[in-house]
Chemist: 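Quick one: structure below, then a few questions.
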Amino acid sequence: MNLVRVEGVHKSYGHHEVLKGISFGVAKGEVTCIVGPSGSGKSTLLRCINHLEIISHGRIWVEHELIGYRQKGRVLYEMRDSELCLQRSQIGMVFQGFNLFAHRTVLENVIEGPIQVRRERKSNAIEKARALLAQVGMAKFENAYPRQLSGGQQQRVAIARALAMEPKLVLFDEPTSALDPERVGEVLDVMKELARSGMTMIVVTHEIGFAKEVGDTLIFMDQGAIVESGAPRAVIENPTNERAKAFFSKIL
């Protein structure tokens, strides 16, 4: 059974169609990696899955729950902000730009969501946050501010913040693209451990080695469409689509 189901998703900005009928599924506990050239719609697709972008046509479900809408008969009604906030709380997202609150400490960043959205007691949120910070190797930085951290450290805090909401699914939007090369490995190691723990993940990435090692499925996108998908090693080493062949021949 698929935890995530994307069916016939289109997204347009005016006359420019960015996504052209995307369909795929992700089973619970699986890691799906999405790769492709810049401008192919990868990040837009990811943002549609948690309704940060409103789709133009199609449907997205997470654990059988329609994302962003309530359906009555054949009519879709967009959710109220309070409903959307609750729904998004079950879908963690890690951005390439970290998006931490600059005026809050590491610990305060991690406990913000559980307290404000899930209404957890502060003592419980702090206890859980400290365990998550230890998990990502950031326990000793709980009182630091984001400006005092490296990019890799900030991204590990962002991962802990996403996990603090106990999500069903975590989306990663090129989580290493803004990092110095020597910091990439520390973030990928955290993501690998998260994958081994059984977390369902959709990862937009240029880290082909990570996709080959950790991914259960690899999706290659070009010009707003999925042009090839399958087992990562097969797609990377022996693509059948000509665009995918040209892409991997340049980066491998």
Side-chain angles (χ1 to χ4, degrees), residues 2-27 30-62 67-68 91-97 155 169-179 181 184 187-188 191-192 195 200-252:
N2 286 329
L3 180 78
V4 182
R5 183 156 60 99
V6 177
E7 186 176 288
V9 167
H10 292 252
K11 172 63 181 177
S12 297
Y13 298 100
H15 296 294
H16 179 51
E17 191 174 30
V18 179
L19 299 177
K20 303 173 182 178
I22 301 293
S23 298
F24 68 96
V26 182
E30 284 192 348
V31 177
T32 293
C33 295
I34 304 176
V35 303
S38 298
S40 58
K42 307 183 299 297
S43 293
T44 299
L45 171 60
L46 213 63
R47 292 172 65 85
C48 287
I49 292 174
N50 67 355
H51 207 65
L52 287 175
E53 294 283 356
I54 299 173
I55 63 177
S56 304
H57 184 71
R59 302 285 190 277
I60 299 171
W61 292 265
V62 174
I67 297 299
I91 305 173
M93 186 152 186
V94 178
F95 301 87
Q96 57 181 299
Q155 195 62 292
L169 165 72
V170 181
L171 310 174
F172 292 85
D173 186 10
E174 299 190 21
T176 61
S177 65
L179 303 182
V184 169
V187 173
L188 292 181
M191 293 172 64
K192 290 174 186 177
T200 309
M201 300 162 58
I202 303 177
V203 185
V204 171
T205 184
H206 291 296
E207 301 292 339
I208 301 302
F210 172 86
K212 188 185 293 187
E213 178 183 350
V214 179
D216 296 291
T217 301
L218 187 140
I219 290 172
F220 180 83
M221 289 184 63
D222 185 48
Q223 297 183 8
I226 295 174
V227 299
E228 187 152 1
S229 66
R233 189 172 295 275
V235 173
I236 293 166
E237 296 180 357
N238 191 31
T240 58
N241 176 269
E242 291 302 320
R243 183 66 185 90
K245 287 180 181 179
F247 178 83
F248 289 116
S249 70
K250 292 178 181 178
I251 65 173
L252 294 179

Chemist: Measuring from Lys212:NZ to Ile236:CD1, what's the distance to the nearest 0.5 Å?
Modeler: 5.5 Å
Chemist: Step by step, work out the side-chain contact (heavy atoms from CB on, under 4.5 Å) result for Ile67 and Ile91.
Modeler: CA-CA 10 Å; Ile67 297 299; Ile91 305 173; 3.8 Å; yes
Chemist: Provide the closest heavy-atom pair for Pro175 versus Val94 in the form atom of the first, atom of the second, distance.
Modeler: CB-CG1, 4.4 Å
Chemist: So, taking the atom named CD in Glu53 and the one named CZ in Arg47, what distance separates them when rounded to the nearest 0.5 Å?
Modeler: 5.0 Å
Chemist: Please report the interatomic distance OG(Ser56) to OH(Tyr13), rounded to the nearest 0.5 Å.
Modeler: 8.5 Å
Chemist: Working to the nearest 0.5 Å, report the span between CD1 of Ile202 and CE of Met93.
Modeler: 10.0 Å
Chemist: Output, in order, the C-alpha distance, side-chain angles, deciding distance and verdict of side-chain contact (heavy atoms from CB on, under 4.5 Å) for Val26 and Leu169.
Modeler: CA-CA 10 Å; Val26 182; Leu169 165 72; 5.7 Å; no
Chemist: Do Met221 and Leu19 have side chains that approach each other closer than 4.5 Å (heavy atoms only, starting at C-beta)?
Modeler: yes
Chemist: Taking the side chain as C-beta and beyond, is there a heavy-atom pair between Phe210 and Val203 under 4.5 Å?
Modeler: yes
Chemist: Would the distance check show the side chain of Lys42 and the main-chain N or O of Gly36 forming a donor-acceptor pair, the cut-off being under 3.5 Å?
Modeler: yes
Chemist: Please give me the minimum heavy-atom distance between Ser40 and Pro37, naming the atom from each residue.
Modeler: OG-O, 2.8 Å
Chemist: To the nearest 0.5 Å, tell me how far His206 NE2 sits from Ser177 OG.
Modeler: 7.0 Å
Chemist: Taking His10 as the fixed residue, which of Lys20, Glu17, His57 is the one that meets the side chain to side chain donor-acceptor pair (under 3.5 Å) rule?
Modeler: Glu17
Chemist: Examine distances only and state if a side-chain atom of Glu30 and a backbone atom of Thr217 form a donor-acceptor pair shorter than 3.5 Å.
Modeler: no
Chemist: Mark yes when over 12 heavy atoms from residues, nucleotides or ligands other than Gln223 sit less than 6.0 Å from its CD; otherwise mark no.
Modeler: no
Chemist: Can you name the nearest heavy-atom pair linking Gly215 to Cys33, along with the distance?
Modeler: CA-SG, 4.2 Å
Chemist: Keeping the roles fixed (side chain from Asp216, backbone from Val31), state whether a donor-acceptor pair exists under 3.5 Å.
Modeler: yes
Chemist: So, for Thr200 and Ala27, which heavy atoms are closest and what is the spacing to 0.1 Å?
Modeler: CG2-O, 3.7 Å
Chemist: Where is the tightest heavy-atom contact between Lys192 and Glu213, given as atom of each residue plus distance?
Modeler: NZ-OE1, 3.1 Å
Chemist: Is Asn2 reaching over with its side chain to a backbone N or O of Arg5, donor-acceptor style, under 3.5 angstrom?
Modeler: no
Chemist: Could you measure the distance from the CZ atom of Phe24 to the CD1 atom of Ile219? Nearest 0.5 Å is fine.
Modeler: 4.5 Å
Chemist: Which heavy atom in Pro232 sits nearest to a heavy atom in Ala211, and how many Å separate them?
Modeler: CB-O, 3.4 Å
Chemist: Would a 4.5 Å heavy-atom cut-off, applied to side chains only, mark Leu52 and Phe95 as touching?
Modeler: yes
Chemist: Before giving the answer on side-chain contact (heavy atoms from CB on, under 4.5 Å), spell out for Glu207 and Leu188 the whole-Å C-alpha distance, their side-chain angles and the decisive distance to 0.1 Å.
Modeler: CA-CA 9 Å; Glu207 301 292 339; Leu188 292 181; 4.1 Å; yes
Chemist: Could you please spell out the steps behind the salt bridge (charged side-chain N to carboxylate O under 4.0 Å, His left out) verdict for Arg243 and Glu228?
Modeler: CA-CA 9 Å; Arg243 183 66 185 90; Glu228 187 152 1; over 6 Å; no
